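Inspection log for the structure reproduced underneath, given as structure tokens.
Model, not experiment: these values are computed from the prediction.
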Amino acid sequence: MRGMETGKTRIRHTVFTEIARLAYEGSDDYARALEELTYKIRPGDPDDSGSYKGSVLYERAVIGERLRLAMGLPVRKLGVYNNIRDGVEESAIAEKYYEPPLINVIKFGCNKCPENLVVVSNKCQGCLERPCSSVCPKGAISRVNGQAYVNPDMCIRCGKCINACSFNAIIKMERPCAKACGVKAIHSDDHGRAEIDYSKCTSCGQCLVACPFGAISDKSQIFQTIMAIKSETPVYAILAPAFVGQWGPDAVPEKMHAAFSRLGFAGVYEAGIGADLCVMEEAADFLEEVPAKYSFMVTSCCPSWSNLVKTMFPEMKENISVALTPMVITARLVKKQHPGCKVVFVGPCDAKKLEASRRHVRSDVDFVLTFEEVLGMFAAKGVDKECIPEEEKQPLQHAGTDARRFSISGGVAQAVVNAIHQQNPDLEVKVAKATGLDECRKLLMMAKAGKYNGYLLEGMACPGGCIAGAGTLQPIEKSEKNVDKFASEASFSCSLDTEFKEYLPVIEESGKNYNM
């Protein structure tokens, strides 16, 4: 639940904090230190009745896997001898890229949730009317011990009985992670545990958010980022447009320079700068290629959306805009201004971690962290945003209103439309948008059927946009309001008016076809 501390979010936050603290403080034996952290995070003896699964040893085992993933290491294989220490020393370096899979199921942490099951709860009143039985097209409902009973072998999960029951006594049980997966990449293994089909997975991370047991987790580069910060190489942070208010009401944009400086960063840039330049590219691409070359154009900013196009609709691969994403454009700008530096993209998105590992992007973006992971860094360093004095406040670089709204559904397409209209006021630009991969898939199916010829198609993998990414910390509605307020304070609106436009020709030199 976004914006609310739960048992799951508390554990994730603690793991990220302890890994960040370990990196900042250093150790002579990182492998042993990792083992000790499982006891620090989950103290108590094996008979401790406070365990939510009835076993402290079980909880420590799951925490151990979380710690490994937070170090960028893979989960351990079941049934094979291995140790929590395995691979730690090799991972305790500043140069380490993400290795797929990014999203992982901690198998022994999985609750083996029902995949798709209609059941009668104890709310059933055993009524005379029995509408549930009457509406069932398969005769799957009978009366057992005075209450309705659904025969799972006969039930087709149509939901008619659920709607018919006056007492809401019949429910449909679904595996939360599978329900959240818009590409149907999650199924059950032979033991009933969740399993991800990585040929379908786009690494959006929504399954991670949905699992109430915290059995799905992602890899992190917290440790490697901090090791880079501790080196002599300057490290700069790029903040995604969704950052506003993510670390609490006191973490206003004007405090970001001071806050990140306390973490060891050399400076902070707003990815909105790159978003402005991205809009310029996408607007030019659309005018040049639609409909002259392609019947429609697909936005390129969301990597999960792009992956969905390439995996499920490969014939549309050429329709993806060749514009560099805001993350990449801003990273190239930073490295032009600070040769030899390292760049960390801080955002809401898990899929950006894999985007940064692409061969054509790897030299531009060195690390990717989510807002949730950076919160752990703030906690490890004891950074209190509220205590940053007024004299240390510093405005971020100037991004436009349209660019700052990139993280909200419809924001990317609207920015492109505004840029086109500034040059061609009378030109009609038709737009279709979708959020959540299931809706995105439906949008592409319509496009395949020829329903969106001449359109600009915007897709965002997370429902509501980037403000609902797997690494966000605040409720979606609250985040949207914060982003809108920050956007309204920009010194200009249309992306064509950015002061950084002179950098675009140099930045985009090697950018063409990087999305392919």
For Ala351, is there any backbone N or O sitting under 3.5 Å from a side-chain donor or acceptor partner on Glu355?
no
Backbone of Ala275 reached by a side-chain donor or acceptor of Arg404 within 3.5 Å
no
Is a side-chain donor or acceptor of Ser220 paired with a backbone partner of Met71 at a separation under 3.5 angstrom?
no
Could you tell me whether a side-chain N or O of Lys317 sits under 3.5 Å from a main-chain N or O of Val309, the two making a donor and an acceptor?
no
Would you mind checking if Glu392 and Arg262 are paired as a salt bridge, meaning a charged N to carboxylate O distance below 4.0 Å?
yes
Test salt bridge (charged side-chain N to carboxylate O under 4.0 Å, His left out) on Arg32 and Glu36 and set out the steps.
CA-CA 6 Å; Arg32 178 178 176 82; Glu36 292 175 347; 3.0 Å; yes
Other residues, nucleotides, ligands: >12 heavy atoms within 6.0 Å of Tyr39 OH
no
Residue pair Thr435 / Ser409: nearest heavy atoms and the distance that separates them:
CG2-OG, 3.0 Å
Shortest non-hydrogen pair, Arg193 vs Cys110, comes out as CA-SG, 3.7 Å
Of all the heavy-atom pairs spanning Asp276 and Gly400, show the shortest one and how long it is.
OD2-N, 2.9 Å
Distance-minimising heavy-atom pair for Arg76 and Ile84
NH1-N, 3.2 Å
May I ask you to check whether His338 and Tyr236 place their ring centres under 6.0 Å from each other?
yes
Hey, does the side chain of Gln394 reach the backbone of Glu254 with a donor-acceptor pair shorter than 3.5 angstrom?
no
CD1 of Ile420 to CG of Leu287, rounded to nearest 0.5 Å, is 4.5 Å
Ignoring hydrogens and angles, state whether a donor on the side chain of Tyr30 or Glu35 is under 3.5 Å from an acceptor on the partner side chain.
no
Using a strict threshold of under 4.0 Å (side-chain N to carboxylate O), is an ion pair present between Lys481 and Glu477?
no
Could you tell me whether Asp218 and Arg12 have a side-chain N and a carboxylate O separated by less than 4.0 Å?
yes
Gln337/Tyr503 under side-chain contact (heavy atoms from CB on, under 4.5 Å): CA gap, chis, key distance, verdict
CA-CA 10 Å; Gln337 295 185 344; Tyr503 288 92; 3.3 Å; yes
Within 45° cone of Tyr24 ring axis and under 6.0 Å: Lys381 NZ or CZ:
yes
Drop me the distance from Asn104's CG to Ile216's CD1, to the nearest 0.5 angstrom.
9.5 Å
Is Asp364 paired with Lys335 through a side-chain N to carboxylate O contact shorter than 4.0 Å?
no
Find the distance between CG (Leu456) and OG (Ser321) and round it off to the nearest 0.5 Å.
8.5 Å
Keeping to residues at least two apart or across chains, list the side chain to side chain donor-acceptor pair (under 3.5 Å) pairs with something in residues 240-250.
Gln246-Ser479
Scan side-chain atoms only and decide if Glu372 and Thr472 contain a donor-acceptor pair under the 3.5 Å cut-off.
no
Taking atom types as modelled and ignoring hydrogens, do the side chains of Thr9 and Thr6 form a donor-acceptor contact shorter than 3.5 angstrom?
yes
Glu489/Lys485 ion pair, N-O < 4.0 Å
yes
Would you check if the side chain of Tyr198 reaches a backbone N or O of Ile103 as a donor-acceptor pair within less than 3.5 Å?
yes
After noting the C-alpha distance and the side-chain angles of Phe313 and Arg441, does the key distance pass the side-chain contact (heavy atoms from CB on, under 4.5 Å) rule?
CA-CA 9 Å; Phe313 302 87; Arg441 181 179 53 82; 4.3 Å; yes
Find the distance between SG (Cys302) and CG (Leu437) and round it off to the nearest 0.5 Å.
7.0 Å
Answer yes or no: is there a side-chain heavy-atom contact under 4.5 Å between Ile226 and Met377?
yes
Would you say that Arg42 contacts Ile11 through its side chain, given a criterion of any heavy-atom pair below 4.5 Å between the two side chains?
no
Does a donor on one side chain sit under 3.5 Å from an acceptor on the other, for Gln422 and Asn418?
no
So does Lys385 get a backbone contact from the side chain of Lys255, meaning a donor-acceptor N/O pair under 3.5 Å?
yes
Decide side-chain hydrogen bond (donor to acceptor under 3.5 Å, both in side chains) for Thr202 and Asn307; before the verdict, give the C-alpha distance in whole Å, the side-chain angles of both, and the deciding distance to 0.1 Å.
CA-CA 6 Å; Thr202 65; Asn307 287 339; 5.9 Å; no
After noting the C-alpha distance and the side-chain angles of Ser493 and Asp402, does the key distance pass the side-chain contact (heavy atoms from CB on, under 4.5 Å) rule?
CA-CA 6 Å; Ser493 180; Asp402 289 348; 3.8 Å; yes
Are Arg2 and Leu473 close enough that some pair of their side-chain heavy atoms sits under 4.5 Å apart?
no
Shortest non-hydrogen contact from Ser203 toward Leu354
OG-CD1, 3.2 Å
Could you point out which residue of Phe371, Phe406, Phe486 forms a ring pair (Phe, Tyr, Trp, His ring centres under 6.0 Å) with Phe243?
Phe486
Looking only at atom types and distance, does a side-chain atom of Lys8 sit under 3.5 Å from a main-chain N or O of Val209, one as donor and one as acceptor?
yes
Heavy-atom side-chain contact between Leu22 and Ser27 under 4.5 Å
yes
Got a donor-acceptor contact below 3.5 angstrom from the Glu458 side chain to the Lys433 backbone?
no
Taking the side chain as every heavy atom from C-beta outward, state whether Leu333 and Phe500 have any atom pair closer than 4.5 Å.
yes
Looking only at the aromatic ring of each residue, does the gap between the centers of Phe260 and Phe378 stay below 6.0 angstrom?
yes
Gap separating the CD atom of Glu502 from the CG atom of Leu277, nearest 0.5 angstrom
10.0 Å
Can you check whether Val80's main-chain N or O pairs, donor with acceptor, with Asn82's side chain at less than 3.5 Å?
yes
Minimum side-chain heavy-atom gap Asp285-Met297 below 4.5 Å
yes
Before giving the answer on side-chain contact (heavy atoms from CB on, under 4.5 Å), spell out for Asp29 and Glu89 the whole-Å C-alpha distance, their side-chain angles and the decisive distance to 0.1 Å.
CA-CA 8 Å; Asp29 187 348; Glu89 295 298 340; 3.9 Å; yes
Indicate yes or no: at least one non-hydrogen side-chain atom of Lys352 is less than 4.5 angstrom from one of Pro303.
yes
Nearest heavy-atom approach of Thr330 to Tyr269 is CG2-CB, 4.2 Å
With a 4.5 Å heavy-atom cut-off, do Thr370 and Lys353 have their side chains touching?
yes
Is any NZ, NE, NH1 or NH2 atom of the basic residue among Lys107 and Glu65 found under 4.0 Å from an Asp or Glu carboxylate oxygen of the other?
no
Nearest 0.5 Å, please: how far is NE2 in His398 from CD in Glu499?
5.5 Å
